[in-house]
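In this text the structure is predicted, and so the values were computed from the model without any measurement. For the single chain, residues carry numbers from 1 onward in sequence order.
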Amino acid sequence: MSERSREQEGMTLLGNQHTKYPQDYDPSVLETFENKHPDRDYFVKFNCPEFTSLCPITGQPDFATIYISYVPRRKMVESKSLKLYLFSFRNHGDFHEDCANIIMNDLIRLMEPAYIEVWGKFLPRGGISIDPYCNYGMPGTKWEQVAWDRLTHHDLYPEPVNNR
C-alpha cells in the first residue's frame, strides 16, 4: 500500500519512520481502515503481551497480557496505532479493571464493532493476580446475546496459574 493510499484510508502511522510514542494515555493515536469483508462475521484477535500501566495508588508498574478480540463491521483498528495506544498506558495510573474497560470503550467508539471483548491477564503483585474480562455485543443484534453468553461462561476452563 502506498503512502498516499494509507493516508486516504486515514492511516498515518503505518510505515511512518518518525513515530512519536505518547507519554500518557492517548486514544487519539488510534486509527482505522475499512473492513474489506463487511458482509462476513469473523473474529480478529490481538495478543498484547507487553502491556504496562501504573497502580493509581502506589505508582508501581503493573504488567499484563491484554487479549482483544472483535467482530468488525465497517471499520477495523490499525495494529500499529493500537500498539501506540496500548503503550500510552505505560505512565497512566488506573486499576486493572479500569484499564480493560477503558480499552474496550475506546475501541467501541472508534470502530463500532458488532462484538468486542478485552481480557487482561495481569502478573501478580502482593501475591495475587487480577484478570479482568469485559465484553460488548451491539444492542439489537445476535451479538448482544453472544456477549451475555460469553460473559457468563468466559472462564469455565481457567488455565493453571504458576505465578505466570
Side-chain angles (χ1 to χ4, degrees), residues 11-14 16 18-32 42-73 75-139 141 143-164:
M11 295 183 290
T12 62
L13 297 170
L14 184 62
N16 183 333
H18 305 287
T19 301
K20 292 184 176 134
Y21 290 85
Q23 295 302 306
D24 200 6
Y25 166 71
D26 187 3
S28 72
V29 300
L30 287 167
E31 296 183 344
T32 62
Y42 61 99
F43 268 95
V44 176
K45 184 174 184 180
F46 292 101
N47 302 309
C48 314
E50 298 176 349
F51 181 82
T52 308
S53 63
L54 298 176
C55 172
I57 306 301
T58 66
Q60 292 181 327
D62 291 313
F63 303 94
T65 297
I66 301 289
Y67 300 95
I68 301 167
S69 297
Y70 73 99
V71 176
R73 290 181 48 228
K75 297 180 192 173
M76 301 178 73
V77 66
E78 191 280 314
S79 62
K80 183 174 181 181
S81 76
L82 180 63
K83 176 183 79 168
L84 293 173
Y85 166 73
L86 294 173
F87 182 87
S88 80
F89 281 83
R90 186 175 190 89
N91 295 316
H92 179 74
D94 249 323
F95 293 113
H96 304 337
E97 300 86 351
D98 295 324
C99 288
N101 278 281
I102 289 167
I103 292 166
M104 185 180 76
N105 290 338
D106 286 343
L107 291 173
I108 290 169
R109 275 190 292 278
L110 180 76
M111 299 183 296
E112 300 177 344
Y115 175 82
I116 188 168
E117 60 188 32
V118 176
W119 197 342
K121 303 275 186 139
F122 284 81
L123 293 175
R125 269 202 311 115
I128 189 168
S129 61
I130 301 173
D131 296 347
Y133 173 89
C134 54
N135 72 359
Y136 161 88
M138 182 170 279
T141 71
W143 293 103
E144 185 174 26
Q145 184 62 46
V146 170
W148 175 249
D149 292 342
R150 286 183 69 98
L151 181 66
T152 58
H153 297 96
H154 84 280
D155 208 11
L156 286 178
Y157 306 102
E159 80 280 4
V161 177
N162 297 318
N163 207 23
R164 295 195 204 234

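Residues passing the side chain to side chain donor-acceptor pair (under 3.5 Å) test with Tyr136: none are found, sequence neighbours excluded. Every residue was checked against the side chain to side chain donor-acceptor pair (under 3.5 Å) condition with His96, not counting sequence neighbours, and none meets it. Partners of Thr152 under the side chain to side chain donor-acceptor pair (under 3.5 Å) rule, at least two apart in sequence or in another chain, do not exist in this structure.
In summary, of the residues considered (Asn91, Asp94, Asp106), a side chain to side chain donor-acceptor pair (under 3.5 Å) with Tyr25 occurs for Asp106 alone. Shown are Asp62, Thr65, Ile103; of these, the side-chain contact (heavy atoms from CB on, under 4.5 Å) with Phe51 is made only by Ile103. For the side chain to side chain donor-acceptor pair (under 3.5 Å) with Tyr133, the lone residue among Lys121, Glu117, His154 that qualifies is Glu117.
Side-chain contact of Tyr85 with Asp26: a donor-acceptor pair under 3.5 Å is absent, judged by distance alone. A donor and an acceptor atom, one from each side chain of Asp149 and Gln145, are located under 3.5 Å apart.
Here CG of Leu86 is found 10.0 Å from SG of Cys99. Values are rounded to the nearest 0.5 Å. Within the model, atoms OG of Ser88 and CG of Leu30 stand 8.0 Å from one another, a figure rounded to the nearest 0.5 Å. Remark: Leu123 CG to Ser129 OG distance equals 8.5 Å, nearest 0.5 Å.
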Q: Take Leu82 and Phe46 through the test side chain to side chain contact (heavy atoms under 4.5 Å, CB included) and record every step on the way to the result.
A: CA-CA 9 Å; Leu82 180 63; Phe46 292 101; 3.6 Å; yes
**Q.** side chain to side chain contact (heavy atoms under 4.5 Å, CB included) between Ile57 and Phe95, intermediate numbers included
**A.** CA-CA 9 Å; Ile57 306 301; Phe95 293 113; 3.9 Å; yes
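Leu110 and Glu31 get closest at one heavy-atom pair: CD2-O, 4.2 Å. Taking every heavy atom of both residues into account, Met138 and Arg73 meet most closely at CE-NH1, 2.7 Å. In terms of heavy-atom proximity, Ile102 sits nearest to Phe89 at CG2-CZ, 3.8 Å.
Side chain of Thr58 to main chain of Cys55: no donor-acceptor pair is present (N/O by atom type, distance under 3.5 Å, no hydrogens or angles).
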